[in-house]
Each structure stands twice: as C-alpha cells, then as structure tokens.
Enquirer: 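Supplied in structure tokens, the structure appears directly below.
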Amino acid sequence: MEKKKPFYITTTLPYINANPHIGFALEIVQADAIARYQRLLGKEVIFNTGTDEHGLKIYRKAKQEGIDIQTYIDIYAKKFDFLKKALNLSYTNFIRTSNEHHVHAAQEFWRRCDANGFIEKRIYQAKYCVGCELEKTDSELNYLKCSLHPNMEIELINEENYFFLFSKFSEKLLQYYAENLEFVIPNHRFNEIKAFVERGLTDFSISRLKEKMPWGIAVPDDSDHVMYVWFDALVNYISTLGWPEDEKQFETFWGTKDEPNALQVAGKDNLRQQSAMWQAMLLAADLPMSKQVFVHGFIISEGQKMSKSLGNVVDPYVVIDKYGTDAVRFYLLGALPSYDDGDWSTQRFEEFYTAHLANGIGNLTSRILTMVEKYDDGVVGNKTNDTLRTTDFWDKYNEAFTKFDFETVIGLVNNFARSLDEIISEEKPWKKVKNGEDISGLLYQLTEGLRHVAIALLPIIPESAEKILSELGISLDGLETFDKERQWGRLKQGAKVEKGEALFPRLV
RNA sequence: AGCGGGGUAGAGCAAUUGGCAGCUCGUCUGGCUCAUAACCAGAAGGUUCCCGGUUCGAGUCCGGGCCCCGCAACCA
C-alpha cells in the first residue's frame, strides 16, 4: 500500500476554568474542517486538542466549588470532550495536561532547555495587594495603589523563580519569520508578531513557588517550585505525539528542522504564545519549530463584546441544541470572516441558514431527487459530459481551503448549487416530460452535480454531506480521495437514488 | 506619543497597473410548479467619511481633517 503523507494539526488547549466558549467552538470547527479536508486529500492526519488543567485559577476554582481538584478537572475535561459529539469533530488525540506522560514530557522538555543553558534562577519581584490577595502588574495600579483597595499599601515581594531566556531568541525567530513567508496566517497577525519580536524580547518567569501554588508540574530537581502553566501547557503539542520516547511518530508528524510539518490553530489572543514563545522554547530544546500558525479572530455577539453583564454570551451547547450541529458549523465557517472578528447574531444566523441551507442546498437536493424518482423511476440516467465547469470550481475550492478561507469555500459551494437551480429553471424538465422528451441526460447532469456539492461539503458539514451521498446511493466506505472524487462522471449510470427527509427544515 | 489596518447600498464585504462602483444577504415586482411558500428573472437602493489638489478621467494617487479597530509583553 502507498504510504500516506502525514499531516499534523492542533488547536490550543482551552484553560478549564470555565465552560466551553463559542470562540473555542469556532477554533475547533475550523481545525476540524482542515483535518477532514486533509484526510480527503489522502493524508494521514493527527488532529490534537485537549485541556489545559494546571495553574492557580483552576486551583482556586476547585476550592471555590468545594470539590477536590482531580474531580474538578475530570468534570471539566469531560465538558470539553463532549464537544466532539456535539460538533461532530474528528480529532484523533485529546490530551490533558494532567496526564502522566505529559507531565513527564514537560519535565524532560524543561531539562533540555536547562541543559542548553536557557533556564536561569533569578529573583522575581512582584507587587502584591493584600486586599485582593493577588499580584498586581503596573498597569493595574493607580498611583502605586491597587485601584480596588486604595487604602492599603502595596507590598513588594521577592522570591526566587526560574526564568526562560526568551531574550536570546529574537534574532533566530526573526530569521525564521523571514525565511517562512507564510508562517503566520493572516498577514496582519504576522506583521504584529514580527513587530513584537523586533522590539526585543524579555525573559519571563516560568515557575512558581510550590507553597503558594501547589497545582502544577514539579520543576525537575527542585521540589520547591512548580512550572508556570504556559511552559507546561505548550509542551502538549509534542507530548501528544509520544515525545520524547516515540521519536518516529514525533518526526513523522511534528516534522524535522528541514521540513517542519505542524499546523497550529489559535485565537488572536494567543498569537504571542504560539508564534513566538513556543517557537523559542522549541529552539531552546533544540527541536524543530512549527510549520505554520493560523490565527482566527474573536466572535462578538449582536455587535457587542460578549460579557456576562450584558447577558449576550453565546453558549455553544445551547445553539447546537437549537439549530443542529451542521447549521452551527456552517455559520461558524461560512458567515464569519476567517481572519478577523465576526458577529454572532441570531437574525443573521437564521437568514444565513434559511438562504443557503434550507432554500439552497436542502431544497436543491430535494427537487433533484424528487425529479429522478418521479421522472426516471429513481434511477440515475445516461451519462453526460461536464457542462458545469467543475474543474474550475475545484481549483478555486482548493485554493481557498489552502488559505483557510472557509468563507470563500462556502461561497463557492453556494454558487455552484445555485448554478444547478438555474439549469433546472432554464431546462424546465417538467415541461420536457410532458412533451415526451428524454431528460435522463439532464437528470444525470443534475445528480452528478449534486454529488460534487456533497463531496465539497464533506469537510464543512460532514453529516449532511454524507446524507446526500447516501441518498445518491453512494457508499461512504467506497469514498476515494479528492483528486478522484472531483472527476466528472463518477456517479454510476443506473444507480438507485432514494430521497430522504428534508435535510434542513425550515425554521419556524 | 508611536506602529499597523480600516471608513464603499439596510447588513456583511469586493473592486489587478487611476477607466461605466460589484458580490452575498435582506427588500420590492414578475415568472414558474420539479422542490422545504422553495426556485428563476428583473428592479429599487451609493454625495465610495469630510475638505482641497493632480488628471480627459479618482473609491483608487497627493495634501489636510474627522472617526473606528488591532498592537503597545508576563492578566491561562
């Protein structure tokens, strides 16, 4: 058997101090569409996600909820893993940073950075407000006082911390950016990170005193400290591949220095961590860097930033429950800009659904299959040549997918579906039947066209796409890669079709 | 302060080197009956943020102004 090319994609790991956010749903649906697309190209895909489970906030949240920390993280990890079913995700790996192997990998990663001379113990100075019982940054202070407790003195605390020598990596990062012109997509985020690194990097603290923050991975050979969550969490991208023991899988999927292979998907708030900090950490550990970081925007709600006080927070489980998995996937991918912030609005959601899924693809499927059943006994007619310019369609489709431009991908599919509606109006098959004309060629063209629509939708709304295919009598087991499926005429003449329930019921 | 992006129809966005201002949704009218009251055709809807300049011609180039957004490090 031909060896499949490896493809590796990972989301960021959501921090489980709150329930899943619609913004993370966007990230993981985008990653899922990419993963499914790559599988259809014939690649062997490892698609990683998981949960980031250490750190002070989680430690406090568990205490606050009055449950022990293991119970807390188990409950939350499950809440995130439920998204798999709810959003029909195809991830292969779900890594929890509390996982034993991950802990071991993070420690080994630390050791290597340390052995290479990029970790140093220093005095860490912080400003501490006793009123809040929190460390404060300068930007949080007002005339050297905590804005919440202006009558209390800010305490200066000194403690020993380990620091990562981030400052040593400015040049290497800039060089990598210069050599990899598409390292960060989209370009405006790439410029942002370049500007950030060009300003010069400052070393950052990567440990906390265990007595103050017990919930973390122990620093190797120093039981007084635990790792700062970022340092620990980022290592998941490679620990999930079995690093450091499974060198083969690591090299195959993460790639090598000459041929990096990892694609990371992250939100704009994560730009720095993913495309600079983590890359410097990889350099420090003498490991290959990522191939590419795709950065999506945020979702605002009804034109405003989501906030609990405004009461406009969108809960992914609620909208999935209301509209269905594919409707939500379709909106996230098709109605929001891939590279910028987008708006979640109920009105726009319902208009988008009605226009493109109910009136568009759903209705088209229904009318074509009805005609085949009514006029041709449910049997696919005589093969015809391609008059639908499918080659052109597929070329554009691939181009858009390569750029993670899901909005354009869906626009292309909608236009293609519309062209089938136009043909039906022009050819008036019902009239031709009355006149005793043979329309089996026309019906072949339409059913084969519909097959192309369904294939193109497989990465976007898999469940509905599969339904269309099975109504066309196509078995999913027999599906080939895109390069074969995009050919005109794969639908067999004489195949039996069977119309099903409405794919996208009208909203009432 | 600075660096970067932007202001185009009711909404979301397009317009290679300056050359009739387009697309999707929504709205209105007509047609059709295979279809999920769906579909198809057509129409209405623009001072392209403002002022000035260059040009035969400016959304696009130049000068000035107003407004919005991102970045401006340790907040997972």
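Numbers restart at 1 for each chain; the letters A, B, ... are given by sequence-line order, proteins then strands. Note that this is a predicted model, so its numbers are computed, not measured.
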Enquirer: Say we look at G6(B) and A15(B): how far apart would their C1' atoms be, to the nearest angstrom?
Expert: 16 Å
Enquirer: Give none if G45(B) has no partner; otherwise give the nucleotide forming a Watson-Crick or G-U wobble pair with it, both distances under 3.5 Å.
Expert: none
Enquirer: For K61(A), answer base if it contacts any base atom (sugar-phosphate contacts may also be present), sugar-phosphate if it contacts only those atoms, and nothing otherwise; contact means non-hydrogen atoms under 4.0 Å.
Expert: nothing
Enquirer: Between A41(B) and C32(B), how far apart are the P atoms? Round to whole Å, please.
Expert: 15 Å
Enquirer: List for me each residue that meets side chain to side chain contact (heavy atoms under 4.5 Å, CB included) alongside P214(A), sequence neighbours excluded, and say none if there are none.
Expert: Y59(A)
Enquirer: Would you measure the distance from the C1' atom in C23(B) across to the matching atom in G65(B) and give it in whole Å?
Expert: 32 Å
Enquirer: Within the structure shown, what part of the strands sits under 4.0 Å from G297(A) by heavy-atom distance: base, sugar-phosphate, or nothing?
Expert: nothing
Enquirer: Under 3.5 Å, which protein N or O atoms sit close to an N or O of nucleotides 8-13 of chain B? Give each pair with its distance.
Expert:
none

Enquirer: By a strict heavy-atom criterion of less than 4.0 Å, which residues belonging to residues 413-438 of chain A are in contact with RNA chain B?
Expert: R418(A), D421(A), E422(A), I424(A), S425(A), W430(A)
Enquirer: Check whether any side-chain N or O of N359(A) sits under 4.0 Å from OP1 or OP2 of C39(B), and answer yes or no.
Expert: yes
Enquirer: Distance between the C1' atoms of A9(B) and U48(B), in whole angstroms?
Expert: 10 Å
Enquirer: Who are the side chain to side chain contact (heavy atoms under 4.5 Å, CB included) partners of H452(A), not counting sequence neighbours?
Expert: T390(A), W394(A), F416(A), E448(A), W488(A)
Enquirer: Taking atom C1' in both U24(B) and G45(B), compute the distance separating them and give it to the nearest angstrom.
Expert: 16 Å
Enquirer: Would you mind telling me which of L26(A), D341(A), I185(A) makes a side chain to side chain contact (heavy atoms under 4.5 Å, CB included) with H296(A)?
Expert: L26(A)
Enquirer: How would you list, by chain and number, every residue that makes a salt bridge (charged side-chain N to carboxylate O under 4.0 Å, His left out) with E399(A), sequence neighbours excluded?
Expert: K403(A)
Enquirer: If each of T12(A) and L503(A) is mapped to the nucleotide of RNA chain B with the nearest heavy atom, which maps nearer the 5' terminus, i.e. the 5' end?
Expert: L503(A)
Enquirer: Could you please name the partner base of C71(B), counting Watson-Crick and G-U wobble pairs only when both distances are under 3.5 Å?
Expert: G2(B)
Enquirer: Got a sec? Which of residues 364-379 of chain A come in under 4.0 Å of RNA chain B, heavy atoms?
Expert: S366(A), R367(A), T370(A), M371(A), K374(A), Y375(A)
Enquirer: Taking atom C1' of C74(B) as reference, at what distance in whole Å does atom CE of M277(A) sit?
Expert: 8 Å
Enquirer: List the residues meeting side-chain hydrogen bond (donor to acceptor under 3.5 Å, both in side chains) with N312(A), not counting sequence neighbours, and say none if there are none.
Expert: none
Enquirer: Which pairs count as ring pair (Phe, Tyr, Trp, His ring centres under 6.0 Å) when at least one residue sits in residues 190-217 of chain A, sequence neighbours excluded?
Expert: H54(A)-W215(A), F164(A)-F204(A), F166(A)-F204(A), Y177(A)-F190(A)
Enquirer: Take atom CZ of F163(A) and atom P of C74(B), then tell me their distance rounded to the nearest Å.
Expert: 14 Å
Enquirer: Ignoring hydrogens and angles, state whether a donor on the side chain of S464(A) or D326(A) is under 3.5 Å from an acceptor on the partner side chain.
Expert: yes
Enquirer: For the C1' atoms, the ones on G31(B) and on A21(B), what distance do you get once it is rounded to whole angstrom?
Expert: 30 Å
Enquirer: Got a salt bridge between D52(A) and R96(A), using NZ or NE/NH1/NH2 to carboxylate O under 4.0 Å?
Expert: no
Enquirer: With both distances under 3.5 angstrom, what nucleotide forms a Watson-Crick or G-U wobble pair with G18(B)?
Expert: none
Enquirer: Do the non-hydrogen side-chain atoms of L369(A) and E471(A) ever get within less than 4.5 Å of each other?
Expert: yes
Enquirer: On a whole-Å scale, what distance lies between the C1' atoms belonging to G18(B) and U36(B)?
Expert: 48 Å
Enquirer: Mind checking G55(A) for me? I need base, sugar-phosphate or nothing, with any heavy atom below 4.0 Å counting as a touch.
Expert: nothing
Enquirer: With sequence neighbours left out, write down each residue that passes side chain to side chain contact (heavy atoms under 4.5 Å, CB included) with H102(A), or none if nothing qualifies.
Expert: I95(A), T97(A), N99(A), A106(A), I217(A), D232(A), V235(A), N236(A), S239(A)
Enquirer: Which part of the nucleic acid, if any, lies within contact of A355(A), taking any heavy atom under 4.0 Å across all strands shown: a base, the sugar-phosphate backbone alone, or nothing?
Expert: sugar-phosphate
Enquirer: Heavy atoms from C-beta onward define the side chain here; which of C39(B), C25(B), G70(B) lies closest to that of K268(A)?
Expert: G70(B)
Enquirer: D269(A) CG to C71(B) C1': how many Å, rounded?
Expert: 14 Å
Enquirer: Rounded off to whole Å, could you give me the CZ-to-P distance for the R122(A) and C74(B) pair?
Expert: 17 Å
Enquirer: Is the phosphate of C69(B) approached by K305(A) (side-chain N or O, under 4.0 Å from OP1 or OP2)?
Expert: no
Enquirer: Can you list the residues that meet the side chain to side chain contact (heavy atoms under 4.5 Å, CB included) rule with E120(A), with sequence neighbours excluded?
Expert: R122(A), L165(A)
Enquirer: Work out how far the C1' atom of U33(B) is from that of A38(B), and round it to whole angstrom.
Expert: 11 Å
Enquirer: Taking any heavy-atom pair under 4.0 Å as a contact, classify H356(A): base, sugar-phosphate, or nothing.
Expert: sugar-phosphate
Enquirer: Starting from P on C74(B), measure out to CZ on F169(A) and report it in whole angstrom.
Expert: 21 Å
Enquirer: For S275(A), what residues pass the side-chain hydrogen bond (donor to acceptor under 3.5 Å, both in side chains) criterion, not counting sequence neighbours?
Expert: none
Enquirer: Counting Watson-Crick and G-U wobble pairs only, both distances under 3.5 Å, name the nucleotide matched with G26(B), or none.
Expert: none
Enquirer: To the nearest angstrom, how far is I300(A) atom CD1 from C68(B) atom P?
Expert: 16 Å
Enquirer: Going by purine N1 to pyrimidine N3 plus the second Watson-Crick contact, or the G-U wobble pair, all under 3.5 Å, which nucleotide sits opposite G63(B)?
Expert: C51(B)
Enquirer: Under a 3.5 Å cut-off for both contacts, is C39(B) paired Watson-Crick or G-U wobble with anything, and if yes, with which nucleotide?
Expert: G31(B)
Enquirer: Separation of I193(A) atom CD1 from G5(B) atom C1', in whole Å?
Expert: 17 Å
Enquirer: Using the test side-chain hydrogen bond (donor to acceptor under 3.5 Å, both in side chains), find all partners of Y323(A) that sit at least two apart in sequence or belong to another chain.
Expert: E350(A)
Enquirer: Q30(A) side chain to V265(A) main-chain N or O, any donor-acceptor pair under 3.5 Å?
Expert: no
Enquirer: Calculate the interatomic distance between L357(A) atom CG and A38(B) atom C1'; express it in whole Å.
Expert: 14 Å
